[in-house]
Amino acid sequence: MKDRTRRSFDKEFKKMVVELHKGGKSSNEIGRELGIPGDMVRRWSREYESHGDQSFAGNGKPILSAEQREIAELKKALKEAQIERDILKKAVSIFSKSDNKYSGS
């Protein structure tokens with residue numbers, strides 16, 4: 001079996017491919033000329049069509065607006081606070097049980 005390494009393409013290259021596809025060239029023709037699969041050309045075109053300039057953020061991480069970024073940070077902080085609260089609840093219950101056990105002696 002042939003070892004294949006994952007190739008990465010920058011945002012400008014992807015935009016150029018999408019423009020060629022919009023210009024009327026078939027995805028398979030573009031793929032043959034540039035050495036990429038035709039289905040990748042179609043996927044990049046769909047992504048650009050649905051997300052516009054927000055497309056091709058890289059490594060699967062979407063580009064977020066300031067509000068979306070703030071919401072994500074707040075959700076993360078809330079989750080951490082809930083975990084800390086749950087830990088403290090367990091600690092209080094453990095310590096309160098041990099206090100009752102020794103208070104009768």
Side-chain angles (χ1 to χ4, degrees):
M1 182 179 255
K2 188 176 179 182
D3 287 334
R4 299 182 90 183
T5 58
R6 184 181 175 113
R7 299 184 324 183
S8 62
F9 303 96
D10 65 349
K11 188 174 187 170
E12 297 307 314
F13 179 80
K14 292 177 182 180
K15 280 185 175 181
M16 181 212 42
V17 169
V18 169
E19 291 302 320
L20 288 171
H21 193 235
K22 279 184 181 178
K25 279 190 163 185
S26 76
S27 57
N28 289 330
E29 185 180 354
I30 294 168
R32 275 192 303 276
E33 289 175 4
L34 299 175
I36 58 176
D39 61 335
M40 187 177 287
V41 174
R42 291 186 292 276
R43 182 168 41 97
W44 290 346
S45 295
R46 279 193 312 272
E47 183 177 344
Y48 190 77
E49 188 176 306
S50 64
H51 299 294
D53 286 331
Q54 301 295 319
S55 303
F56 318 129
N59 297 328
K61 298 179 181 174
I63 297 174
L64 302 175
S65 68
E67 294 85 15
Q68 291 171 327
R69 206 172 24 256
E70 183 180 8
I71 289 170
E73 289 170 4
L74 290 171
K75 283 183 178 181
K76 182 178 178 183
L78 175 61
K79 186 173 184 171
E80 288 175 3
Q82 288 171 335
I83 290 170
E84 290 172 0
R85 180 204 61 207
D86 293 342
I87 291 170
L88 288 172
K89 278 184 178 180
K90 288 179 184 178
V92 166
S93 70
I94 290 170
F95 287 123
S96 65
K97 286 179 187 176
S98 64
D99 288 344
N100 291 339
K101 187 167 46 173
Y102 295 111
S103 63
S105 324

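Counting all heavy atoms, side chain and backbone alike, G38 lies closest to S27 at O-CB, 3.5 Å. Here the shortest heavy-atom pairing between H21 and S26 reads CD2-C, 4.2 Å.
Residues R69 and E73 are in side-chain contact: their nearest non-hydrogen atoms beyond the backbone lie under 4.5 Å apart. Looking at L34 and M16, their side chains come closer than 4.5 Å, going by heavy atoms from C-beta outward. Counting only heavy atoms from C-beta outward, the side chains of R46 and V18 never approach each other to under 4.5 Å. In this structure, F9 and I36 have side chains that are in contact, with non-hydrogen atoms separated by less than 4.5 Å. No side-chain heavy atom of W44 sits under 4.5 Å from any side-chain heavy atom of I30.
In this structure, E47 does not pair ionically with K14, as no charged nitrogen and carboxylate oxygen lie closer than 4.0 Å.
To the nearest 0.5 Å, the span separating NZ on K22 from CD on E49 amounts to 8.0 Å. With rounding to the nearest 0.5 Å, the separation of CD in Q82 from NZ in K79 is 9.0 Å. Atom CD of E19 and atom OG of S45 lie 9.0 Å apart (nearest 0.5 Å). Rounding to the nearest 0.5 Å places CD1 of I83 at 10.0 Å from CG of L78. We find the CG-NZ distance between D10 and K15 to be 10.5 Å, quoted to the nearest 0.5 Å. I71 CD1 to E67 CD: the interatomic distance, rounded to the nearest 0.5 Å, is 7.5 Å.
Few gaps surround CD on E29; more than 12 heavy atoms of other groups in view lie less than 6.0 Å from it.
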